[in-house]
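This report concerns only the one structure given below.
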There are 2 protein chains.
Amino acid sequence: MGRIPNAGPEFAVVHLLRAVTVELDLLGGEFAQRNGLHPTDLRALICLLDAARSGTPATPGRLGAQLKLNSAGTTALLDRLERLGLVRRTRDDKDRRRVLLVVQEQAVVLGETFFGPLIGALVGMLRDYAPEEVAVVQRFLGGVAELVAQRRQDG
Amino acid sequence: MGRIPNAGPEFAVVHLLRAVTVELDLLGGEFAQRNGLHPTDLRALICLLDAARSGTPATPGRLGAQLKLNSAGTTALLDRLERLGLVRRTRDDKDRRRVLLVVQEQAVVLGETFFGPLIGALVGMLRDYAPEEVAVVQRFLGGVAELVAQRRQDG
DNA sequence: GCTATTCTCTCGCTCAGCGAGATACTTGCC
DNA sequence: GGCAAGTATCTCGCTGAGCGAGAGAATAGC
């Protein structure tokens with residue numbers, strides 16, 4: 001092909017990064033399928049668990065925006081999650097137009113089943129890294145996240 | 001929450017890694033939509049471009065296996081890609097049961113449009129890193145890819 | 001009170017992907 | 001050679017995720 005230059009450690013990093021995301025996607029997809037849910041459901045669960053952890057109130061609107069679903073798709077998604085007993089809808093008494101999403105215990109367990117071992121393995125791997133090296137990795141990942149987020153904004 | 005321990009630089013790395021994959025997924029999805037194709041189509045394109053680059057002959061069967069699609073889904077995917085002029089099907093004269101997938105110039109251009117700027121930005125970012133630091137990042141990403149791939153095999 | 005707006009849900013639709021099975025070609029065994 | 005078994009791809013009918021349009025319910029601003 002030869003249009004995209006393709007040599008040197010920088011390009012190795014790019015390729016590895018892509019390989020990592022592909023592998024993680026596939027892992028997530030397989031886990032989702034084993035547990036009778038769809039990749040979107042798993043992503044939704046991640047968002048909801050993150051929101052719960054950070055104390056942000058979760059609502060259908062917010063979730064739909066994060067996942068780039070329209071309202072109809074979001075409703076269908078929540079119907080699935082509620083049917084599986086992972087989430088419960090509650091009316092917000094402060095603003096009764098809103099629905100608050102309460103993550104159920106089972107969802108936490110599920111998230112743990114998926115991420116727990118992964119985190120464990122990763123932490124184990126990082127034990128072989130010196131603190132400065134961990135800091136480098138951290139700086140790099142932060143940079144990539146920022147860079148990609150910026151590209152998304154530029155459209 | 002509190003079940004998943006959640007402090008220290010290792011956990012920052014885990015969270016960043018997840019954030020990166022989520023952002024990259026979303027970026028890919030948005031790019032796909034802008035160009036009238038689906039996330040799966042983009043992933044297929046990546047596989048096909050990789051195969052072309054490495055000289056591996058691409059066939060529907062191989063592609064379907066990589067993307068975890070069954071044969072019907074793979075056929076539909078290729079119909080889309082062919083209709084868009086990104087791929088052409090050719091009979092293999094060595095084994096006339098097979099179909100060889102030829103990536104069209106337009107697909108290369110498309111891949112470049114997506115990855116080119118991203119690679120450029122990443123390479124730019126890596127200019128601020130010392131060679132040893134790039135090596136650390138490389139080692140880390142390689143380790144993660146291997147780790148995830150292994151987890152996928154254990155099922 | 002009345003209109004704007006905001007948040008969620010319902011309805012009808014399109015189309016990606018699945019399971020089952022058809023089709024075409026190759027390989028191996030007699 | 002000819003027939004059975006195996007392999008690669010495609011066709012058909014279906015399920016269901018997600019979209020667009022718009023309805024319903026509650027709030028905010030005048």
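Lettering follows sequence order; numbering is per chain, from 1.
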Walk me through whether A:Asp25 and B:Lys68 qualify under salt bridge (charged side-chain N to carboxylate O under 4.0 Å, His left out). CA-CA 12 Å; A:Asp25 273 6; B:Lys68 302 262 178 208; over 6 Å; no

Base partner of C:dA4, which must satisfy Watson-Crick or wobble distances under 3.5 Å: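 Pairing partner, where one exists within any strand: none, as none qualifies.
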
By the Watson-Crick or G-U definition, both distances under 3.5 Å, D:dT15 is matched with C:dA16

Go nucleotide by nucleotide along DNA chain C from the 5' end; which of B:Leu77 and A:Arg98 gets its closest nucleotide reached first? A:Arg98

Do the numbers put B:Arg34 on top of the ring of B:Phe114, so that NZ or CZ is under 6.0 Å from the six-membered ring centre and no more than 45° off the axis? no

Can you tell me if B:Ser71 touches the phosphate of D:dA8, counting only side-chain N or O atoms and a distance under 4.0 Å to OP1 or OP2?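 It does not, given that no N or O in the side chain of B:Ser71 lies less than 4.0 Å from OP1 or OP2 of D:dA8.
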
Using the side-chain heavy atoms of [X], tell me which of these nucleotides is nearest: [options].
| X | options | answer |
| --- | --- | --- |
| A:Pro60 | D:dC10, C:dT8, D:dA8 | C:dT8 |
| B:Arg80 | D:dT27, C:dA16, C:dC9 | C:dA16 |
| A:Thr75 | D:dC10, D:dT27, C:dT10 | C:dT10 |

Answer with base, sugar-phosphate or nothing: what part of the nucleic acid does [X] contact at a heavy-atom distance below 4.0 Å?
| X | result |
| --- | --- |
| B:Arg89 | sugar-phosphate |
| A:Ala72 | base |
| A:Thr74 | nothing |

Nearest-Å distance, [atom1] ([X]) to [atom2] ([N])?
| X | N | atom1 | atom2 | value |
| --- | --- | --- | --- | --- |
| B:Leu37 | C:dT14 | CG | P | 21 Å |
| A:Gln33 | C:dG19 | CD | C1' | 13 Å |
| A:Leu67 | C:dT8 | CG | P | 14 Å |
| A:Asp41 | D:dG16 | CG | P | 13 Å |
| B:Leu69 | C:dA16 | CG | P | 12 Å |
| A:Asp93 | D:dA26 | CG | P | 12 Å |
| A:Asp95 | C:dT5 | CG | P | 17 Å |
| A:Leu84 | D:dG16 | CG | P | 13 Å |

Of B:Leu78 and A:Lys94, whose closest DNA chain D nucleotide lies nearer the 5' terminus?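 Taking each residue's closest nucleotide, the earlier one in sequence belongs to B:Leu78.
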
Whichever of A:Arg91 and A:Gly73 has its nearest DNA chain D nucleotide further upstream toward 5':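 Mapping each residue to its closest nucleotide by heavy atoms, the 5'-most match is A:Gly73.
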
Could you walk me through whether B:Arg151 and A:Glu23 pass the salt bridge (charged side-chain N to carboxylate O under 4.0 Å, His left out) check? CA-CA 10 Å; B:Arg151 283 215 66 74; A:Glu23 287 291 329; over 6 Å; no

Between CD on residue B:Glu133 and CZ on residue A:Phe140, distance to nearest 0.5 Å: 12.0 Å

Checking only heavy atoms, does the side chain of A:Arg97 share a donor-acceptor pair with the base of C:dT8 at less than 3.5 Å?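 For A:Arg97, whose side chain was compared with the base of C:dT8, there is no donor-acceptor pair (under 3.5 Å).
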
Is there a donor on the side chain of B:Asn70 or the base of C:dG19 sitting less than 3.5 Å from an acceptor on the other? yes

Closest heavy-atom pair and its distance - A:Leu86, A:Ala107: O-CB, 3.4 Å

Syn/anti state for C:dA24 [syn: chi within 90° of 0]: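 It is anti.
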
Within the side chain of B:Arg88, is there an N or O that forms a donor-acceptor pair under 3.5 Å with the backbone of B:Leu101? no

